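Here is the structure we will look at, set down as structure tokens.
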Amino acid sequence: MKAPGQALQAQLLARSFFEASPETVAPRLLGRILEHRTASGTLAGRIVEVEAYLGPHNQPPDPAAHAFRGPTDRTRVLFGPAGHAYVYAIYGRYFCMNISCELAGRAGCVLLRALEPLTGLEVMARNRGLLSDAPARNLTSGPSRLCLAMGLTRAGQNGVDLVDADSALRVLDDGWLPERIVTTPRIGLKVAMDWPLRFAVAGHACASGPKRMRG
DNA sequence: CTGTGGATTTGCT
DNA sequence: GCAAATCCACAGG
């Protein structure tokens, strides 16, 4: 029996968890924990919304994926071993974080779109430029919001191994499982707009977008 | 609730 | 050059 208030045991995922297609990995990632150990303390959140982006080996290839045109300087980590962070800059001011999938040589990734904040909420609020009593659902609901809150940047975290016990940024599993998952098209695209590759914990307040997108 | 526009770096054509 | 896997502020119903 677990004593009241005792933290749940959370363990690293095996690399093989990520050595599969993004559309397989994405829904299974819901409920896992992203943890960043920083100088200002440990920040952690439960993954509640993701999107899959497929590698160019797929038929048909995914025109919305950064890996669509093959490896470049930016997308190199997507073609490397699974379970690594792919962090890229967008619109000049923001970052988005993905986790690489597939065996080395093939690309594919899962974009993290929303977390439920678990620890370090005050630091997250400060990182977001919000008051320290801001509602939890405002801290990490959105791909760039969660990067800001968790202190993730391309310079700092791109290429980090998320299944290495010594990494400051890791993905952990505490056994939590979503009751129901909603599947919808991906958000913000102008191509492949009907591919059902967005997955969210049904009804979760921390998922991004309007209520209908949260299930 | 919906819609619009601006901020501003990066990578690829 | 230009478009981008975004966010925020603000206007209007």
Side-chain angles (χ1 to χ4, degrees), chain A residues 18 21-27 29-30 34 45 47-56 58 60-80 82 84-102 107-115 117 124-131 134-159 162 182-200 203 205-215:
Chain A
F18 296 102
S21 79
E23 50 193 323
T24 300
V25 175
L29 208 42
L30 294 175
L34 182 68
I47 299 167
V48 299
E49 181 190 353
V50 296
E51 284 175 359
Y53 287 86
L54 311 182
N58 282 273
D62 179 0
H66 286 182
F68 181 57
R69 293 162 211 284
T72 66
D73 241 9
R74 176 174 65 155
T75 62
R76 186 135 301 133
V77 8
L78 293 179
F79 291 84
H84 289 248
Y86 168 57
V87 183
Y88 69 91
I90 187 169
Y91 294 107
R93 27 180 19 156
Y94 300 114
F95 296 97
C96 294
M97 176 183 163
N98 304 252
I99 303 176
S100 64
C101 297
E102 307 275 18
C109 63
V110 176
L111 169 71
L112 304 186
R113 286 200 58 93
L115 308 176
M124 290 186 192
R126 189 164 76 226
N127 289 345
R128 286 286 322 285
L130 302 173
L131 298 174
R137 61 142 70 72
N138 288 357
L139 298 176
T140 50
S141 60
S144 297
R145 286 176 171 184
L146 74 87
C147 284
L148 259 183
M150 296 282 292
L152 308 178
T153 63
R154 174 161 149 82
Q157 280 75 38
N158 188 50
L162 301 170
V182 286
T183 305
T184 77
R186 296 172 291 186
I187 292 177
L189 303 185
K190 290 179 177 166
V191 294
M193 295 180 64
D194 54 348
W195 295 26
L197 293 178
R198 172 180 174 270
F199 306 90
C206 294
S208 72
K211 188 168 18 176
R212 70 176 177 278
M213 296 297 282
R214 290 182 234 142

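These figures come from a predicted structure and were not determined experimentally. Letters A, B, ... are given to chains in the order of the sequence lines, protein chains preceding strands, and every chain is numbered from 1.
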Name all residues meeting the side-chain hydrogen bond (donor to acceptor under 3.5 Å, both in side chains) criterion together with A/T153; count only those two or more places apart in sequence or in a different chain, and write none if there are none. none

Listed partners of A/R93 passing side-chain hydrogen bond (donor to acceptor under 3.5 Å, both in side chains), at least two apart: none

Please enumerate all residues that pass side-chain contact (heavy atoms from CB on, under 4.5 Å) together with [X], with sequence neighbours excluded.
{"X": "A/N158", "result": "A/V77, A/Y86, A/V87, A/R154"}
{"X": "A/T184", "result": "A/R198, A/M213"}
{"X": "A/S100", "result": "A/H84"}
{"X": "A/A82", "result": "A/F18, A/E19"}

Sequence neighbours excluded, which residues qualify as salt bridge (charged side-chain N to carboxylate O under 4.0 Å, His left out) partners of A/R137? none

With A/E102, which residues qualify under salt bridge (charged side-chain N to carboxylate O under 4.0 Å, His left out), at least two apart? none

As a test of understanding, state which of A/V110, A/L29, A/T140 forms a side chain to side chain contact (heavy atoms under 4.5 Å, CB included) with A/I47. A/L29

Determine which pairs satisfy side-chain hydrogen bond (donor to acceptor under 3.5 Å, both in side chains) with at least one residue from residues 186-196 of chain A, sequence neighbours left out, and list them in order. A/D62-A/R186

With pairs defined as Watson-Crick or G-U wobble and both distances under 3.5 angstrom, please note down DNA chain B as a dot-bracket string, | for pairing with another strand. |||||||.||||.

Would you give a per-nucleotide map of nucleotides 3-11 of chain C, 5' to 3', where B means the base has a protein non-hydrogen atom under 4.0 Å away, S means only the sugar-phosphate does, and - means neither? -BBBBS---

From the 5' end of DNA chain B to its 3' end, which nucleotides mark the outer limits of contact with chain A, defined by a 4.0 Å heavy-atom distance cut-off (strictly under)? B/dT2 to B/dT13

